[in-house]
Amino acid sequence: TVRKAVIAGNWKMNKTRPEAKALLEELKPMVADVKDVEVVACVPFTNLETALAVTAGTNIKIGAENCHFEKSGAFTGEISADMLAEMGVEYVVLGHSERRQYFAETDETVNKRTKAALEAGLKPIVCVGELLWERECNITEEVIARQIKLDFFGISADDLKKCIIAYEPVWAIGTGKTATADQAEEVCAFIRATLAKLYGADVAETITIQYGGSMNAKNAEELLSKTNVDGGLIGGASLKAADFTTIIKAAV
Ligand code: 3PY
């Protein structure tokens, strides 16, 4: 395809600085020869500086796991997109279902964060996905279309091309349950068709759509073989250098 695969680790709330350093040092030589896949590690804020230093000059890019939508101000405990960009961070995960579920993030705040991230020059990895209940009620496509419309509202086609969309069915996150490759392909294709309608075929064909939700060393190859699955957002398996490398090589 025209799209370069992007495999991004989402470390979630894991790893102290020495642990982060050790993991990335282990990963570096294992993926040094990978050219056709964009390799990203999205790490906790406290690990960003260490991660950037350890991966400087390598093919591993660094991302954050969230950012706030305001530029600065009285938002105790928050981190702005500018603060991340200034460090040299390239990517930021936004709207992960854990943020939506436990930290009351909504499509409205995901939209604001996406705009702030783009304005700061970051590449947002915006997560969408349906709940199990919604899938059972046969409204997966409605839910996904609504998230796409709201999360990217007011964002230009050119800016949208800088974004990655991660399809993460909520029932597959941290549960060990994976969508089948056909289920993943079906929804990723639907996302692309929705983008084609809203933004035109050019944007739809250009944008990277990842699958996320318990992708691991065993199931990655089949998921990544699908036409509309351009990469993965990897939870637990990104915490092990060997598993993460297997997934990256499955995307080549
Ligand atoms: C998972 O694989 O569980 C994820 O949430 C990836 O973001």
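Numbering of ligands and ligand atoms starts at 1, following listing order. FYI, the numbering just counts along the sequence from 1.
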Query raised in the report: What atoms of ligand 1 come within less than 4.0 Å of a heavy atom belonging to Ser214?
Result: 1 (C), 2 (O), 3 (O)
**Report entry** Closest protein heavy atom to atom 6 (C) of ligand 1, given as residue, atom name and distance to 0.1 Å
**Finding:** Glu168 OE2, 3.0 Å
Query raised in the report: Can a donor-acceptor pair be found between the side chains of His96 and Glu168 at a distance below 3.5 Å?
Result: yes
Query - Exercise: do Asn228 and Arg192 side chains pair donor with acceptor under 3.5 Å - result: yes
Query raised in the report: If you count the atoms of ligand 1 from 1 in the order shown, which ones are under 4.0 Å from a heavy atom of Gly235?
Result: 1 (C), 2 (O), 6 (C)
Query - Between Thr208 and Asp230: side-chain donor-acceptor atoms closer than 3.5 Å - result: no
Requested in this report: Kindly work out whether a path of hydrophobic side-chain contacts (I/L/V/M/F/W/Y, heavy atoms less than 4.5 Å apart) joins Val252 to Leu223.
Outcome: yes
Query raised in the report: Which atoms of ligand 1 are found less than 4.0 Å from any heavy atom of Lys12?
Result: 1 (C), 3 (O), 4 (C), 5 (O)
Requested in this report: Using a 4.0 Å heavy-atom cut-off, say whether Asn10 meets ligand 1 through its side chain, its backbone, both or neither.
Outcome: side chain
Query raised in the report: Just by distance, with hydrogens left out, do Tyr167 and Glu130 show a side-chain donor and acceptor under 3.5 Å apart?
Result: yes
